[in-house]
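Shown next, in structure tokens, is the structure this report addresses.
Atoms within a ligand are numbered from 1 in the order they appear, just like the ligands themselves. Since we're looking at a predicted model, the values are computed, not measured.
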Amino acid sequence: MSSHDIQELVAMEPILGANRGELESLQLKRLRSTLQHAYANNPNYTRKFDAAGVHPNDLRSLADLALFPFTTKADLREAYPFGFFSVPMEQVARIHASSGTTGKSTVVGYTRNDLATWGNLVARSIRAAGGRAGMKVHVAYGYGLFTGGLGAHYGAEAAGCMVIPMSGGQTEKQVQFIRDLAPDIIMVTPSYMLAILDEFRRLGYDARSTSLRVGIFGAEPWGEGMRAEIESAFNIDACDIYGLSEIMGPGVAQEFALTKDGPTIWEDHFIAEIVDPTSGHVVADGEQGELVFTSLTKEAMPVIRYRTRDLTRLLPGSVTAMRRMAKISGRTDDMLIVRGVNVFPSQIEELILQCQGLAPHYEIYVTRPNRMDEMLIVVEGRPELSGNAHQAEALLLATKLKDNIGISAEIRVAESGSLPRSAGKAARVKDRR
Ligand code: DLL
């Protein structure tokens, strides 16, 4: 993608060429009507705003958003299943639901307009990653209640692409269709992309010589080490797509292939804030904290100041005036505290990928056998690594963990291919305390 291509995107969607002032006046207008809609049509918001002593009319500038109360995952759970829907049920065209691994699922709803907006934002995301009408998109995110599959699917259609609706699983068939149907783009979790890579190797095919040019990866954290791994294994550009069901699904933010400098937040539809996770105070751009989103155009389920629990920082716009977010470094709820040291799984992954003999397949076990936390990391060696070299790699990783994060862990290097692979989001941490 070149600056010429950016002009093409602006010609299709003039808002991508807007300056900050234009963008912010659109945001203010949309925010005002979102607050009014939520307050007038949803008793949960009426109650929450009244309890906080605020009214939609109190919003005079974008900064006044900070006067309004947060919405949390617990609020959505309490209102299960439809309590945050803000239009008559007959106007709801589709629902999705979060997996609910940590409790009850959260059900989210969309009107026909919401679905059109979502499709357009995923289409914009695909174009930012270098996709164009007429290309073929292989979708290997799971189809169903998860927003990944259907979100990517309708976005690719809206972009004028041909969709291959593979869903997750059937890994051998994924390889066969990538080889036979010649897709240009793949949309999949980065961890499942690694499983597809294993399958290429198992079948004896060269993953670098496929038709794929671009991968659009998200739904779970992945760092620069993983980007380098996937880009070189498949000879593609790997771009980050971010989103969550509560806000919409994939396509809330997307990284441009041109810059690969973190996802650009589609600020004409969402307002992002970063808050201190403990105090809830808004922090300045550039400072790390919890990402909070407010929807600007959603009808069925407007969300006001939703606490995502994702940790990142806001960066200035690069390709457009819309701000970017740094890659998600972790979640407030996936931070491990091991003997008092805070550690995110993503930090461990980056160090694993610095060890040339180790593969990005790992599991982290935390136990407390004698009232002391113990961490065990089981990580696969590269296929070409001989058994004798395992010990040296384990020592190297242990040293890196000690030097960089300050934790001691037992490292066990396992045979290549011995750890389970996931067809969706990877579950690598087993906290058994
Ligand atoms: O994972 C939506 C999605 C599907 C995004 C496909 C991208 C691609 P949920 O299942 O509700 O929705 O999970 C949302 O996943 O709060 C983050 O913790 C994590 N997440 C999503 N995208 C990224 C990303 C979908 N690019 C939760 N990097 C979010 C890091 C991500 N974490």
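Contact atoms of ligand 1 toward Phe146: 1 (O), 4 (C), 10 (O), 25 (C) (distance under 4.0 Å to a heavy atom of the residue). Set against the non-hydrogen atoms of Arg331, the atoms of ligand 1 under 4.0 Å away are 16 (O), 17 (C), 18 (O), 29 (C). Residue Gly148 approaches ligand 1 through these ligand atoms, each under 4.0 Å from one of its heavy atoms: 4 (C), 6 (C). Ligand-side atoms of ligand 1 in range of Tyr141: 6 (C), 8 (C), range being under 4.0 angstrom from any heavy atom.
For the pair Met248 and Val252, the tightest heavy-atom approach, listed with the atom from each and the gap, is CE-N, 3.9 Å. Scanning all heavy atoms of the two residues, the minimum distance from Arg433 to Ile337 falls at NH1-O, 2.6 Å.
Under the 3.5 Å distance criterion, the side-chain polar atoms of Glu220 are matched with a main-chain donor or acceptor of Ser191.
Geometric assessment of Arg307 against the ring of Phe70 yields a positive cation-pi assignment under the 6.0 Å and 45° thresholds. For the pair Arg179 and Tyr205, the distance from NZ or CZ to the six-membered ring centre is under 6.0 Å and the angle to the ring normal is within 45 degrees.
Compare Gly243, Gly223, Cys239 by their heavy atoms: the one nearest to atom 21 (C) of ligand 1 is in Gly243.
At under 3.5 Å, a nitrogen or oxygen of Asp240, whether backbone or side chain, sits near a nitrogen or oxygen of ligand 1. In terms of N/O distances under 3.5 Å, ligand 1 is approached by Ile241. Of the polar atoms of Trp222, none of the N or O atoms is found under 3.5 Å from an N or O of ligand 1, judged by distance alone. Considering backbone and side-chain N/O atoms, Thr308 never comes within less than 3.5 Å of an N/O atom of ligand 1. Of the polar atoms of Pro250, none of the N or O atoms is found under 3.5 Å from an N or O of ligand 1, judged by distance alone.
Residue contact annotation: Pro221 has a non-hydrogen atom under 4.0 Å from ligand 1. Remark: distances from the non-hydrogen atoms of Lys425 to ligand 1 include one below 4.0 Å.
If you check which protein heavy atom lies closest to atom 28 (N) of ligand 1, you get Glu220 O, 3.3 Å. The protein heavy-atom contact nearest to atom 11 (O) of ligand 1 is Ser245 OG, 2.4 Å. For atom 18 (O) of ligand 1, the nearest protein heavy atom (residue, atom name, distance) is Asp310 OD1, 2.6 Å. The protein atom (non-hydrogen) at minimum distance from atom 7 (C) of ligand 1 is Ala219 N, 3.3 Å.
Just one residue in the list Glu24, Glu273, Glu267 forms a salt bridge (charged side-chain N to carboxylate O under 4.0 Å, His left out) with Arg323, and that residue is Glu267.
With sequence neighbours left out, the salt bridge (Lys or Arg N to Asp or Glu O under 4.0 Å) criterion links Glu299 to no other residue.
Ring centers of Trp118 and Tyr154: at least 6.0 Å apart, outside the cut-off. Taking the centre of each ring, His96 and Tyr110 come in below the 6.0 Å mark.
Under 4.0 Å from ligand 1, heavy atoms of Leu244 appear from its side chain as well as its backbone. Within the 4.0 Å heavy-atom criterion, neither part of Ser98 lies near ligand 1.
Atom CZ of Arg201 has 12 or fewer neighbouring heavy atoms from other residues, nucleotides or ligands inside a 6.0 Å radius. Within a 6.0 Å radius of CZ in Arg112, other residues, nucleotides and ligands contribute 12 heavy atoms or fewer.
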